[in-house]
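What follows is a short report on a single structure.
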Amino acid sequence: MTTRLPAALLAPVLLVQGAGVRRRTPVLPEAAGPRSGVVPGEAPALTVAVLGESPAAGVGVATQEDALAARFADALAGESGREVRWRLSARTGTTAAQALGRLVPGLAGPPADVVLVFLGVNDTLRLRGRAAWRRDVAALLGALAPLTAPGGVVVLAGLPDTGRFPTLPQPLRGVLGRHARALDGELEALVGPGVRHAPAPPLDGPGLFAEDGFHPSTAACRIWAGELARVALHP
C-alpha cells in the first residue's frame, strides 16, 4: 500500500491536525551569520558546497557556526586533517523541484570536492509522489554536475524520520513518517558513481530538537554533521 492512499482516507483528520500544528508551532528564523567560511587544516584544501531547506539554513539554532553546514565543514576537517572551504545556499520551505531555481545559482564558485544536498522534508509534508520526487532529485543532480570537481562526490542527506517529530500528532506523524521513508528509499536508488546516500541518524533523544519540536538542535546538528562527513570521506 502506498503512503498516499492512507493519507487520502485520513484527509479530513490530517487537514485539521496540520492546521493545529501550524497554529501552535513557533516559527523560528534561519540562523544568523556568514554562509561561507574556512576551517583551518593542511593542504590541499577541500572545497564544500551545501544546498538545502530549513535545517541546512540553520533553523533551530542561533548562528551558522552551530548549524549543519559549518558543523559539516568542521567534521570534514577533523576527519581528514585538511583545510575546508565551505559555502551554503539554503532557504526555508524549498522543495527539490524549487531548488533548481532557488538554490543552485547561489552555489556559484569554484567546483566543489563535496556537495551536500539536504532536501526532502518539505516534499514529505506535501506528500510529493515517489516518482516525481526521484525525477526532481535526478534533475538537481544533473544541475549540480558542473559545480562538482572531477572526482568529487555529491552526498544526498537521508530524510529524517518525521514519524519521530514530537510536534506532530498521530495519525499525521505516522503518515508523514511512512512517506519520508518512501522518499528516502528513492534517494538510495539514485546512488551511483560520485553520488552517495547518508542515512539520517536517529534524532529523537533529549535535547535533540529545537524549541519547535521539528528542527534539529545544536547538539543534533553536531551529531548529524559527523555522520554526513564520514559518508562523504569514506565510500
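Computed from a prediction, not measured in an experiment: that's the story for all the values here.
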**Report entry** Worked verdict on Val48 versus Arg87 for side chain to side chain contact (heavy atoms under 4.5 Å, CB included)
**Finding:** CA-CA 6 Å; Val48 176; Arg87 61 187 188 270; over 6 Å; no
Query - Considering all heavy atoms, the nearest Pro160-Ala180 contact - result: O-CB, 3.9 Å
Query raised in the report: Is a donor on one side and an acceptor on the other found under 3.5 Å between the side chain of Glu53 and the backbone of Thr92?
Result: no
**Report entry** Ion pair Asp66/Arg222, N-O distance below 4.0 Å
**Finding:** no
Query raised in the report: Do Leu144 and Leu107 touch side chain to side chain, with heavy atoms closer than 4.5 Å?
Result: yes
Report summary line: Looking only at heavy atoms, the pair that brings Leu208 and Ala220 closest together is O-CB, 3.2 Å
Query raised in the report: Listed by chain and number, what are the side chain to side chain donor-acceptor pair (under 3.5 Å) partners of Arg85, not counting sequence neighbours?
Result: Glu83
Query raised in the report: According to a 4.5 Å side-chain heavy-atom criterion applied to Ile, Leu, Val, Met, Phe, Trp and Tyr, with indirect links allowed, do Val50 and Leu119 form part of one hydrophobic cluster?
Result: no
Requested in this report: Starting from the C-alpha separation in whole Å, work towards a yes-or-no answer on side chain to side chain contact (heavy atoms under 4.5 Å, CB included) for Leu156 and Val191.
Outcome: CA-CA 9 Å; Leu156 301 175; Val191 169; 5.6 Å; no
Query raised in the report: Are side-chain heavy atoms of His197 and Asp184 found at a separation under 4.5 Å?
Result: yes
Query raised in the report: Looking only at atom types and distance, does a side-chain atom of Asp113 sit under 3.5 Å from a main-chain N or O of Leu46, one as donor and one as acceptor?
Result: no
Query raised in the report: Could Glu42 and Arg82 be called an ion pair, given the rule that one side-chain N must be under 4.0 Å from one carboxylate O?
Result: no
Requested in this report: Taking Trp133 for its side chain and Leu183 for its backbone only, find out whether a donor-acceptor pair lies under 3.5 Å.
Outcome: yes
Query raised in the report: Transitively linked via ILVMFWY side-chain contacts under 4.5 Å: Leu88 with Val61?
Result: no
Query - Side-chain donor or acceptor of Ser89 paired with backbone N/O of Leu103 under 3.5 Å - result: yes
**Report entry** Minimum side-chain heavy-atom gap Leu147-Val104 below 4.5 Å
**Finding:** yes
Query raised in the report: Quick one: does Glu188's side chain have a donor or acceptor within less than 3.5 Å of a partner on Pro199's backbone?
Result: no
Report task. Could you tell me whether a side-chain N or O of Ser217 sits under 3.5 Å from a main-chain N or O of Gly207, the two making a donor and an acceptor? Result -> yes
Query raised in the report: Any side-chain donor-acceptor pair under 3.5 Å between His179 and Asp123?
Result: no
Query - Within one Ile-Leu-Val-Met-Phe-Trp-Tyr cluster: Phe118 and Val115, side-chain cutoff 4.5 Å - result: no
Query raised in the report: To the nearest 0.5 Å, how far apart are CH2 in Trp86 and CZ in Arg71?
Result: 11.5 Å
Report task. Give a yes or no on whether Val137 and Leu116 share a hydrophobic cluster (residues Ile, Leu, Val, Met, Phe, Trp, Tyr; joining criterion: side-chain heavy atoms under 4.5 Å apart). Result -> no
Requested in this report: Keeping the roles fixed (side chain from Asn122, backbone from Thr94), state whether a donor-acceptor pair exists under 3.5 Å.
Outcome: yes
Query raised in the report: Sub-3.5 Å donor-acceptor pair from the side chain of Arg102 to the main-chain atoms of Gln98, do we have one?
Result: no
Query raised in the report: Any side-chain heavy atom of Leu176 within less than 4.5 Å of one from Leu125?
Result: yes
Report task. For Leu51 and Leu140, run side chain to side chain contact (heavy atoms under 4.5 Å, CB included): C-alpha distance rounded to whole Å, both residues' side-chain angles, the deciding distance at 0.1 Å, then the answer. Result -> CA-CA 11 Å; Leu51 170 150; Leu140 179 61; 4.1 Å; yes
Query raised in the report: Can you name the salt bridge (charged side-chain N to carboxylate O under 4.0 Å, His left out) partners of Glu30, sequence neighbours left out?
Result: Arg35
Query raised in the report: Atom CD of Glu65 and atom SG of Cys221: how far apart are they, to the nearest 0.5 Å?
Result: 12.0 Å
Report task. Might you work through the side chain to side chain contact (heavy atoms under 4.5 Å, CB included) test for Asp136 and Leu100, ending with a clear yes or no? Result -> CA-CA 9 Å; Asp136 294 342; Leu100 281 169; over 6 Å; no
Query raised in the report: Is there a donor-acceptor contact under 3.5 Å from the side chain of Glu227 to the main chain of Trp224?
Result: no
**Report entry** Note, Glu79 side chain near His234 side chain (heavy atom, < 4.5 Å)
**Finding:** yes
Query raised in the report: With the 4.5 Å side-chain cut-off for hydrophobic clustering, are Val121 and Leu187 part of the same group?
Result: no
